[in-house]
Asker: 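Dropping a structure here in structure tokens format, bear with me for questions.
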Amino acid sequence: MLRCTRAWRLPLEGLGPHTPSFARVPVAPSSSGGRGEAEPRPLPLSYSLLDGEAALPAVIFLHGLFGCKTNFNSIAKAFAQQTGRRVLTVDARNHGNSPHSPDMSYEIMSQDLQDLLPQLDLVPCVVVGHSMGGRTAMLLALQRVIHPSPPDAIVDRDLSREEWYPQSAQGTPPTAALPQNLAVRQYLLTNLVEVDGRLAWRLNLDALAQHLDKLLTFPQRQESYLGPTLFLLGGNSQFVHPSHHPEIIRLFPRAQIQTVPNAGHWIHAERPQDFIDAIRGFLV
């Protein structure tokens, strides 16, 4: 039987296990442009790790914009049980229970993972990313020539341009303009928690709003990743167009592009077993 180990790398003194913690997560000072430092420093991310066979590469799940590691709870447990692998789910900076920072880019999110994964002895590994998490996984692989020990395979799911965003970052959540789509609304509302009797976003909306344009596009890269890669697309999703395929192949020459029928942007939620089977088939 698998043992679930929850390791919160940011100590929060005096907080119980069910107390909303984001309001007390310290905001890391920006190191961009600071004296003597050219790059933002990595943050200690919040994560959950399911134990498994150490001889097999672990599988890392990275959530999308406005998501958190719990988006993959059921998938992670099922995948660990069906494959015997260690499975890690991670909150990106400014999301979930990870620290807040004014620095937000794919480069620094990749650096956060390059800092975390060796600490957990999870290199090499397989990285599965959805949307924003998929772009982070892609960049992590492409940086192989600069940063050694990349994932030995990556799976990207439905690269998207998210078309919804909670407005009124400075206002209270009830005044925020939420989308009409029920599933998207429910997804966003998972980020609402109660603090001192009032509802608040646990997302760092200020930082996300400031860097949103960067998060909706993938950084320009010249190098390629020569390892195996799977791009898993929802058959009902319009985010990845056939015209995008040449650039995908340029960056990832060994890419497989598969479509999951009757699935939209959230393949893991809409077709969970098809999602798991596609990844397992890719890893064989």
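The chain is numbered in sequence order, starting from 1.
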Asker: What I'd like to find out is whether the side chain of Lys69 reaches to under 4.5 Å of the side chain of Ser46, using heavy atoms alone.
Answerer: yes

Asker: Are Met132 and Leu233 grouped together when hydrophobic residues (ILVMFWY) are joined by side-chain heavy atoms under 4.5 angstrom apart?
Answerer: yes

Asker: Using 30° and 60° as the class boundaries, would you call the ring planes of Phe79 and Phe61 parallel, tilted or perpendicular?
Answerer: perpendicular

Asker: Using side-chain heavy atoms (C-beta onward) and a distance below 4.5 Å, is Gln114 in contact with Gln143?
Answerer: yes

Asker: Check whether His100 reaches the backbone of Arg202 with its side chain - one donor and one acceptor, N or O, closer than 3.5 Å.
Answerer: yes

Asker: Any salt bridge (charged side-chain N to carboxylate O under 4.0 Å, His left out) pairs touching residues 249-264, not counting sequence neighbours?
Answerer: Glu247-Arg250

Asker: How close do Cys125 and Pro57 get, counting heavy atoms only, and between which atoms?
Answerer: CA-CB, 4.1 Å

Asker: Is a side-chain N or O of His63 found less than 3.5 angstrom from the main chain of Phe72, in a donor-acceptor match?
Answerer: no

Asker: Heavy atoms, side chains only, cut-off 4.5 Å: are Leu62 and Leu113 in contact?
Answerer: yes

Asker: Can a donor-acceptor pair be found, under 3.5 Å and without considering hydrogens, that links the side chain of Ser105 to the backbone of Asp103?
Answerer: no

Asker: Determine the minimum heavy-atom distance between Ser110 and Thr136, stating which atoms define it.
Answerer: N-CG2, 4.0 Å

Asker: With a 4.5 Å cut-off on side-chain heavy atoms, are Tyr106 and Leu215 touching?
Answerer: yes

Asker: Return the CG to CZ distance between Leu251 and Phe218, rounded to the nearest 0.5 Å.
Answerer: 6.5 Å

Asker: Check for me, please, whether Leu230 and Ile249 land in the same ILVMFWY cluster - side-chain distances under 4.5 Å, paths through other members count.
Answerer: no

Asker: Does the side chain of Val260 come within less than 4.5 Å of Glu270's, by heavy atoms?
Answerer: no

Asker: Do you know the tightest heavy-atom contact between Leu45 and Ala92?
Answerer: CD2-C, 4.3 Å

Asker: Quick one, Thr83 and Leu56 - any side-chain contact, counting heavy atoms below 4.5 Å?
Answerer: no

Asker: Over all heavy atoms of both residues, which pair between Asn191 and Gly67 is shortest? Give the atoms and the distance, please.
Answerer: OD1-O, 4.5 Å

Asker: Hey, does the side chain of Arg86 reach the backbone of Ile60 with a donor-acceptor pair shorter than 3.5 angstrom?
Answerer: no

Asker: Between CG of Asp206 and NE2 of His211, what distance do you get to the nearest 0.5 Å?
Answerer: 10.5 Å

Asker: Taking C-beta and beyond as the side chain, do Pro253 and Leu226 meet within less than 4.5 Å on heavy atoms?
Answerer: yes

Asker: Does Leu212 belong to the same Ile/Leu/Val/Met/Phe/Trp/Tyr cluster as Ile108, with side-chain heavy atoms less than 4.5 Å apart forming each link?
Answerer: no

Asker: Using modelled atom types only, decide if a donor and an acceptor are shared between the side chain of Asp115 and the backbone of Asp112 within a distance under 3.5 Å.
Answerer: no

Asker: Distance-only, no hydrogens or angles: does the Asn94 side chain make a donor-acceptor pair with backbone N or O of Ser101 under 3.5 Å?
Answerer: yes

Asker: So, does His95 use its side chain to make a donor-acceptor pair with the main chain of Phe66 at under 3.5 Å?
Answerer: yes

Asker: Between CD1 of Ile257 and CZ of Phe252, what distance do you get to the nearest 0.5 Å?
Answerer: 11.0 Å

Asker: What is the minimum heavy-atom distance between Ala58 and Leu122, and which atoms define it?
Answerer: CB-CD2, 3.7 Å

Asker: Do the side-chain N and O atoms of Gln273 and Asp277 include a donor-acceptor pair separated by under 3.5 angstrom?
Answerer: yes

Asker: Starting at NE2 of His268, measure out to CG of Asn71 and round the result to the nearest 0.5 Å.
Answerer: 5.5 Å

Asker: Determine, using the 4.5 Å side-chain heavy-atom cutoff (strictly less than), whether Met109 and Leu208 are members of one ILVMFWY cluster.
Answerer: yes

Asker: Would the distance check show the side chain of Ser98 and the main-chain N or O of Asp91 forming a donor-acceptor pair, the cut-off being under 3.5 Å?
Answerer: yes

Asker: Where the side chain of Arg271 meets the backbone of Gly234, is there a donor-acceptor pair that is under 3.5 Å apart?
Answerer: no

Asker: Working note: Ile276 + Ile75, criterion side chain to side chain contact (heavy atoms under 4.5 Å, CB included); need CA distance, chi angles, decisive distance, verdict.
Answerer: CA-CA 7 Å; Ile276 293 173; Ile75 290 291; 4.0 Å; yes

Asker: Calculate, to the nearest 0.5 Å, the distance between atoms NZ and CE belonging to Lys214 and Met104 respectively.
Answerer: 9.5 Å

Asker: Roughly how far apart are Cys68 SG and Asn97 CG, rounded to 0.5 Å?
Answerer: 8.0 Å

Asker: Taking side chain as C-beta onward, heavy atoms only, is Leu232 less than 4.5 Å from Gln258?
Answerer: yes

Asker: At their closest point, which heavy atom of Leu142 faces which heavy atom of Tyr225, and how far apart are they?
Answerer: CD2-N, 3.5 Å

